[in-house]
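One structure below.
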Amino acid sequence: MKPMKPARTRFAPSPTGFLHVGGVRTALFAWLVARQSGGQFILRIEDTDKIREVAGSIEHIQDSLKWVGIKWDEGPIKQSDRLDIYKKWAGKLVEQGRAYADPYSPKELQNFRDQAKAAKKPFLFRDHRPENLLKWDGSQPLRFKSDPKPYTWQDAVMGELSTGPEVIDDFILMKSDGYPTYNFAHIVDDAEMNITHVIRSQEFVASVPKYLNLYEALGLTPPVMAMLPYVMAPGGNKKLSKRDGAKDILDYAGEGYLPEAMLNFLATLGWNDDTEQEIFTTAELIKKFSLKEIHKGGAHFDERRLEWMNGFWIREKIEPDDLFARSKDFWPDEAAGYDDEYKKNVLAITRERLKYFAELPELTRFFFTDLAINPELISDHKQLKKLLPTELKELLEQAKASLEQSDFTVDDLTKRLNDLLERTGQKPAVLFSLIRIATTQAPASPGLAGTLAILGKDRSLARIDEQLAALR
RNA sequence: GGCCCCAUCGUCUAACGGCUAGGACACCAGGUUUUCAUCCUGGCAAUAGGGGUUCGAUUCCCCUUGGGGUCACCA
């Protein structure tokens with residue numbers, strides 16, 4: 001293992017709503033870098049746009065991170081609580097002659113933009129004529145006086161990146177409402193918080209030269225930059241977004257996904273460790289993750305793969321008692337009166353067909369409730385519909401007679417069911433289906449012997465009687 | 001439009017410049033004493049195109065094409 005300096009990373013969402021899988025993946029990667037180096041992970045809230053802020057999102061974001069198990073060491077730190085800090089830094093730039101009050105009105109600027117667009121040229125603002133460099137009184141937007149030049153820099157994910165001087169312009173540092181822009185605030189904060197790795201989504205690549213220019217003006221050494229490829233919406237080439245129906249990460253919590261599986265899935269969206277391994281525990285991720293191995297291209301979000309992975313975690317990676325503890329909120333209402341032992345048995349026999357806990361009610365309801373006879377299960381059954389009601393009745397009577405003698409252990413039931421097969425000369429597709437339908441009234445259920453054993457003798461025989469009565 | 005970035009099965013991905021381009025999801029078929037599922041076996045399916053460099057390119061270089069990002073008093 002190579003020695004690693006403790007990294008300080010941050011996740012800096014704006015409180016404009018919920019977090020979807022793309023946002024959580026960004027947080028995850030930043031968190032992994034901090035954890036694997038023994039450093040700190042900071043949660044910072046970028047709430048400098050009061051208009052777009054959505055009430056309650058800060059709590060919601062924290063709940064989301066907590067659910068997946070991403071714990072922050074510092075924060076949440078709100079930028080809106082730090083306005084005097086940005087003002088102080090802005091003042092320094094003004095003193096140095098590296099910032100000036102915007103000489104134009106919003107309307108005039110919009111005009112410039114429209115002209116640039118009509119001429120199919122990029123809009124750049126960097127007119128340093130003396131009459132433009134106005135004194136700032138704090139009530140106007142404050143612009144950075146840029147020093148356009150070419151840059152070449154190393155990105156931890158993208159590798160070497162470079163641009164010419166033409167991409168740098170005099171961007172706004174402070175808005176007229178007294179709040180800083182993202183472009184300014186994040187640089188001040190990252191410096192003040194001693195952030196070592198800025199890990200964020202790829203849309204910021206184009207702005208990095210401007211940031212580099214500002215770092216220079218501020219006399220700061222830039223942190224390591226790591227630009228993450230997008231998580232793409234399924235079926236398209238656009239990045240996943242709330243507008244395209246990206247779900248709140250907490251919706252997955254509500255559907256009974258496991259946070260470990262979610263993390264495993266997100267980590268392998270755009271990253272792998274150069275092997276064919278695809279199941280990673282969180283501890284393995286902390287150990288093996290590396291920014292260098294992140295792909296440069298976007299990765300599509302495939303919910304079917306998430307489902308498969310969650311099912312895999314449910315049946316292979318979680319201990320039965322732990323799994324049961326996590327299933328608590330998902331049982332059907334009818335299960336309320338049943339004790340934990342009974343439910344544990346039901347879960348044990350059901351887990352292999354469970355992809356997420358929200359499926360629990362439909363998969364297990366017949367273990368808990370009284371059943372209404374559904375004649376279609378027999379009339380629609382490929383094999384059973386060929387038999388006369390009297391034949392079905394005769395078969396069920398035989399089954400009942402044998403089961404009445406059983407102690408209803410799985411072993412004994414299995415043995416009796418096999419004997420019955422021989423004695424009646426029936427195919428399992430007929431005999432077992434009939435008993436299964438009689439005792440569960442469900443189109444699908446777990447293995448017959450195991451199901452009967454959980455149902456118990458009284459209830460199983462009672463259901464067979466009900467089915468017999470219905471076959472008249 | 002300028003600038004920047006990206007490109008292996010439908011999807012997630014593997015392949016010191018060197019086997020018939022591998023695995024997984026999904027899908028299809030078969031098997032395991034019923035159903036659904038699990039599990040096992042098999043199948044379908046990719047290096048965007050064109051030039052180089054090389055004994056040999058998925059891999060390195062160039063061009064084309066395609067896709068994406070960005071050009072806000074949003075982050």
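Numbers restart at 1 for each chain; the letters A, B, ... are given by sequence-line order, proteins then strands.
Between B:U11 and A:His300, no contact under 4.0 Å exists linking OP1 or OP2 to a side-chain N or O. For B:C6, one of the phosphate oxygens OP1 or OP2 lies less than 4.0 angstrom from a side-chain nitrogen or oxygen of A:Lys296. Phosphate proximity of B:C73 to A:Arg113: present, with a side-chain N or O under 4.0 Å from OP1 or OP2. Regarding contacts with the backbone of B:C6, every side-chain N or O of A:His295 stays at 4.0 angstrom or more from both OP1 and OP2.
Residues A:Gln110 and A:Asp114 have side chains that bring a donor and an acceptor to within less than 3.5 angstrom of each other. A donor and an acceptor atom, one from each side chain of A:Thr409 and A:Asp411, are nowhere located under 3.5 Å apart. With 3.5 Å as the limit, one finds no donor-acceptor pair spanning the side chains of A:Thr451 and A:Arg436. Of the N and O atoms on the side chains of A:Glu303 and A:Tyr252, at least one donor lies less than 3.5 Å from an acceptor on the other residue.
Taking atom CD1 of A:Ile314 as the reference point, atom P of B:U38 lies 12 Å away to the nearest angstrom. The distance from atom CG of A:Asn272 to atom P of B:G22 is 17 Å, rounded to the nearest whole Å. Counting to the nearest Å, the P atom of B:A15 and the CD atom of A:Glu276 are 9 Å from each other. Note: CD (A:Glu359) to C1' (B:A37) measures 10 Å, nearest angstrom. Rounding to whole angstrom units, CE of residue A:Met232 and C1' of B:U13 are separated by 15 Å. Distance CD (A:Glu53) to C1' (B:C73): 17 Å, rounded to an integer number of Å.
Annotation: side chain of A:Trp313 is not in contact with side chain of A:Pro259 (no heavy-atom distance under 4.5 Å). Put simply, the side chain of A:Met174 reaches to within 4.5 Å of the side chain of A:Pro180, judged on heavy atoms. In this structure, A:Met225 and A:Leu161 have side chains that are not in contact, with every pair of non-hydrogen atoms separated by 4.5 Å or more.
Here B:C3 is the nucleotide among B:A24, B:C3, B:C71 with the atom lying nearest to any side-chain atom of A:Val167. Among B:C73, B:U33, B:C3, the nucleotide with an atom closest to any side-chain atom of A:Pro428 is B:U33. Of the candidate nucleotides B:G10, B:C3, B:G23, B:G23 has the atom nearest to the side chain of A:Glu278. Residue A:Thr181 has its side chain nearest to B:A75 when only B:A75, B:U34, B:C12 are considered. In this structure, of B:A75, B:C6, B:A24, it is B:A24 that holds the atom nearest to the side chain of A:Trp308. Checked against B:A26, B:U34, B:A72, the side chain of A:Phe432 finds its nearest nucleotide in B:U34. Taking every side-chain heavy atom of A:Ile172 into account, B:C73 is the closest of B:U34, B:C73, B:C74. Ranking B:A15, B:C4, B:U34 by closeness to the A:Val205 side chain, first place goes to B:C4. With distances taken from any side-chain atom of A:Ala206 to the nucleotides B:C3, B:C71, B:U70, the minimum falls on B:U70. Across B:G67, B:C39, B:C12, the shortest atom-to-atom separation from the side chain of A:Asn237 is found for B:G67.
A distance of about 15 Å separates the C1' atoms of B:U32 and B:C36, rounded to the whole Å. As rounded to the nearest Å, B:U47 and B:A15 have C1' atoms that lie 11 Å from one another. Rounded to the nearest Å, the gap between the P atom of B:C60 and that of B:U8 is 13 Å. Rounded to the nearest Å, the gap between the P atom of B:G23 and that of B:A46 is 14 Å. Rounded to a whole angstrom, the distance from the C1' atom of B:A21 to that of B:U13 is 13 Å. Spacing between B:U35 and B:C25 at atom C1', rounded to whole Å, works out to 25 Å. Taking atom P on both nucleotides, B:G10 is separated from B:C6 by 23 Å, rounded to a whole Å. The gap from the C1' atom of B:G30 to that of B:A7 amounts to 37 Å, rounded to the nearest Å.
Within the 4.0 angstrom heavy-atom criterion, only backbone atoms of the sugar-phosphate kind lie near A:Tyr230; the bases stay farther away. Residue contacts for A:Asp102: at a heavy-atom cut-off of 4.0 Å it reaches no nucleic acid atom on any strand shown. As judged by a 4.0 angstrom heavy-atom cut-off over every strand, A:Met158 is placed among residues touching the sugar-phosphate backbone only. Counting any heavy atom pair closer than 4.0 Å across all strands shown, A:Leu161 reaches sugar-phosphate atoms only and no base atom. A:Pro209 comes within 4.0 angstrom of nothing in the nucleic acid, heavy atoms only. No contact: A:Pro234 has no heavy atom under 4.0 Å from any strand. Base contact: A:Glu203 has a heavy atom under 4.0 Å from a base atom. A:Ser162 comes within 4.0 angstrom of the backbone, heavy atoms only, and of no base.
Taking for each of A:Phe123 and A:Lys238 the nucleotide of RNA chain B with the nearest heavy atom, the 5'-most of the two is the partner of A:Lys238. The nearest heavy atom of RNA chain B to A:Thr48 and to A:Glu352 marks one nucleotide each, and the one closer to the 5' end goes with A:Glu352.
For CD of A:Glu319, the number of neighbouring non-hydrogen atoms (other residues, nucleotides, ligands) closer than 6.0 Å is 12 at most.
With a 3.5 Å ceiling on both atom-pair distances, the Watson-Crick or G-U wobble partner of B:C3 is B:G69. The partner of B:G42, taking Watson-Crick or G-U wobble pairs whose two distances both stay under 3.5 Å, is B:C28.
With hydrogens and angles ignored, no donor-acceptor pair closer than 3.5 Å exists between the side chain of A:Arg353 and the base of B:U38. At a cut-off of 3.5 angstrom, the base of B:C36 holds no donor-acceptor pair with the side chain of A:Ser445.
A salt bridge (Lys or Arg N to Asp or Glu O under 4.0 Å) check over residues 47-57 of chain A, counting only residues at least two apart or in different chains, returns the pairs A:Asp49-A:Arg52.
No close placement of the A:Trp153 and A:Tyr211 rings is indicated, their centers lying 6.0 Å or farther apart.
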Strictly under 3.5 Å: I want the nitrogen or oxygen pairs between protein and nucleotides 61-64 of chain B, one per line.
none

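Within the 3.5 Å criterion, the main-chain N or O of A:Asn374 finds a donor-acceptor partner in the side chain of A:Gln441.
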